[in-house]
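Take a look at the structure set out below.
These numbers were taken from a predicted model, which means no experiment stands behind them.
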Amino acid sequence: MKFYSLLSIGLIFCIQFLKAQTNQEKQIIFYNVRIFDGKSSQLSKPLNVYIKSNKIEKIDAQPIDIKGDVVKINGKGKTLMPGLIDVHVHLTFGALTMEEMMSKDFNFNNAMAKVGKSAEETLLRGFTSIRDAGGPIFPIKSAIDKKQIKGPRVWPSGAVISQTSGHGDFRTPDEKSRRFFGKPSRAEEFGATFIADGRDEVLTATRENLRFGASQIKLMAGGGTSSAYDPIDVTQYTLEEMKAAVDAAEDWGTYVMVHAYTPRAIKRAMEAGVKCIEHGQLLDEETLKLMAANGTWLSTQNLLESSPEMTELRKEKRKDVIEGQKKLWPLAKKLGVKLAWGTDFLFEPNTNKEQNSYILKLQDWFTNAEILKMVTHDNAQLLKLSGLRSPYTGNIGVIEEGALADILLVDGNPLENLSLVANPAQNFLVIVKDGEIYKNITK
């Protein structure tokens, strides 16, 4: 009996020891780095940065001496900066072609495998956080958070919410209305969209997304370029319908973002209480002034002008939008509108590798420091609108004590040479997300 008692005590000790080893907090020290903190226009003097678990514990010019199992990285005077943030990503729609999604042989599991690979590639491009602007995302986000696959932090919207004939009505010509014929479309079953008409259905669609963990709600408030049936100029959803989504989101402590281009659609969205406009390339000065006065965010892009994969209809619908974005950025900046940046790649997976280079397109209107601030600190401020519905607690988009450890070590000074961010494979020497090293090619 005494032997078994000793054996039991030994086993308990071993289990507790192994658990302690497993739960031991990760520690990283970056020596001799110059910091872009997400807000400043200049790099810091050489500093040392200590990361404990998933947070930046200490930043000091003096040597940091920590005992135990510590990963030590000599920065050699290179730049330490926050991870990049893209606030308009469609992880699923961007990883699959339209032909794949519309195919009768479409397989959900195969599709999610492609999306998972795309998520890992996004992280390895230095994007440690993204806001998914609509689509089937919850299984992928869950897998990333459980570390079953690699990927950025995800702020998910869930299925886009669209009126019948709206920008999120993805039905094929042979698919009838659910309202009249009782069968959901394939896109609805896939989790890509909710086709919702009237206040009651919009409330239900919004609450359904919130039930699954949406951090914000995506509503289609106007026509689009990637859809066949809705012209760019149309305004979608009545004020009552749009306000239903806003009310339901605000009851959960979060907000509504809307897809819209035109002043009419955007004014209605603001009247309904929408806090963030996506796109807006056809905005006029009057409406931009209203947005600035109202504190409404403009999350916009430099959309891809054309590609061989685009249909002629899509190219034609994009002409005014592409022309408008050249005027939108400088005017919105001049008027003091809250600006955020994203890419919005859709149905052309090969385009994803250009994600970083699209940051450089902002150089026509912004300084390098302004651009880096926008794609780190400013985008992080937009993500904070999710409030208690944010899937993660803590500050991102900055390098400061107490912030989450989402960090890049860059080979050079991106404040002087922004093109460094366009080649992440070569120039991002270390990528850290949530205190964990995902890439380290320092020598």
Could you check whether [Y] and [X], counting side-chain N and O atoms only, form a donor-acceptor pair closer than 3.5 Å?
X: Gln355; Y: Asp86; answer: yes
X: Lys384; Y: Asn395; answer: yes
X: Thr122; Y: Arg125; answer: yes
X: Asn368; Y: Gln363; answer: yes
X: His90; Y: Asp344; answer: yes
X: His167; Y: Gln236; answer: no
X: Asp284; Y: Thr287; answer: yes

For this session: Report the C-alpha separation of Asp37 and Ser40 in whole Å, then their side-chain angles, then the decisive distance to 0.1 Å, and conclude whether the side-chain hydrogen bond (donor to acceptor under 3.5 Å, both in side chains) test is met.
Result: CA-CA 6 Å; Asp37 64 4; Ser40 302; 3.0 Å; yes
For this session: Could you tell me whether the side chain of Asn356 and the main chain of Val421 form a donor-acceptor pair under 3.5 Å?
Result: yes
For this session: Return yes if some donor-acceptor pair links the side-chain N/O of Asn427 with the main-chain N/O of Leu429 below 3.5 Å, else return no.
Result: no
Problem set entry | Derivation of the salt bridge (charged side-chain N to carboxylate O under 4.0 Å, His left out) call for Glu323 and Arg318 | CA-CA 9 Å; Glu323 189 62 31; Arg318 293 171 77 82; over 6 Å; no
What do you reckon, is [atom1] of [X] surrounded by more than 12 foreign heavy atoms closer than 6.0 Å?
X: Lys439; atom1: NZ; result: yes
X: Asp320; atom1: CG; result: no
X: Lys353; atom1: NZ; result: yes
X: Glu401; atom1: CD; result: yes
X: Lys52; atom1: NZ; result: no

Atom [atom1] of [X] and atom [atom2] of [Y]: how far apart are they, to the nearest 0.5 Å?
X: Leu328; Y: Leu339; atom1: CG; atom2: CG; result: 7.5 Å
X: Thr300; Y: Asn302; atom1: OG1; atom2: CG; result: 7.5 Å
X: Leu288; Y: Leu298; atom1: CG; atom2: CG; result: 7.0 Å
X: Asp434; Y: Ile144; atom1: CG; atom2: CD1; result: 12.5 Å
X: Ser129; Y: Leu383; atom1: OG; atom2: CG; result: 6.5 Å
X: Leu84; Y: Leu372; atom1: CG; atom2: CG; result: 8.0 Å

For this session: Could you give me the CA-CA distance, side-chain angles and deciding distance for Leu96 and Phe106, then say whether side-chain contact (heavy atoms from CB on, under 4.5 Å) is met?
Result: CA-CA 11 Å; Leu96 304 172; Phe106 178 81; 4.3 Å; yes
For this session: Please lay out, stage by stage, how Leu385 and Trp297 fare under the test side-chain contact (heavy atoms from CB on, under 4.5 Å).
Result: CA-CA 10 Å; Leu385 287 185; Trp297 280 85; 3.7 Å; yes
Locate the shortest heavy-atom distance separating [X] from [Y]; write the atom from each residue and the value.
X: Leu415; Y: Ala369; answer: CD2-CA, 3.6 Å
X: Thr97; Y: Pro349; answer: CG2-CD, 3.7 Å
X: Gly224; Y: His259; answer: CA-NE2, 3.7 Å
X: Ala244; Y: Val202; answer: CB-CG1, 4.2 Å

Exercise. Would Lys333 and Glu370 satisfy salt bridge (charged side-chain N to carboxylate O under 4.0 Å, His left out), going step by step from the backbone distance to the final call?
Worked result: CA-CA 11 Å; Lys333 177 184 177 182; Glu370 289 171 332; 3.1 Å; yes
Exercise. Do Thr79 and Pro414 have side-chain heavy atoms sitting under 4.5 Å apart?
Worked result: yes
For this session: Could you tell me whether the side chain of Leu80 reaches within less than 4.5 Å of the side chain of Ile407, counting heavy atoms only?
Result: yes
NZ/NE/NH1/NH2 to OD/OE distance under 4.0 Å, [X] and [Y]:
X: Lys67; Y: Asp65; value: yes
X: Glu436; Y: Lys147; value: yes
X: Lys117; Y: Glu121; value: yes
X: Lys243; Y: Glu271; value: no
X: Lys334; Y: Glu285; value: no
X: Asp411; Y: Lys78; value: yes

For this session: Identify which one of Ser386, Ser299, Ser157 satisfies the side-chain hydrogen bond (donor to acceptor under 3.5 Å, both in side chains) criterion when paired with Arg131.
Result: Ser299
Exercise. Parallel, tilted or perpendicular: which fits the ring planes of His279 and Tyr261, with parallel below 30° and perpendicular above 60°?
Worked result: parallel
Exercise. Once the angle between the rings of Phe93 and Phe170 is folded into 0 to 90°, is it parallel (under 30°), tilted (30 to 60°) or perpendicular (over 60°)?
Worked result: perpendicular
For this session: Decide yes or no on side-chain contact (heavy atoms from CB on, under 4.5 Å) for Arg34 and Leu47, but give the supporting numbers first.
Result: CA-CA 6 Å; Arg34 300 186 67 197; Leu47 293 168; over 6 Å; no
Exercise. On the ring face of Tyr358, is Lys361 found with NZ or CZ under 6.0 Å from the centre and within 45° of the axis?
Worked result: yes
Problem set entry | Centroid separation Tyr50 to Phe30 less than 6.0 Å | no
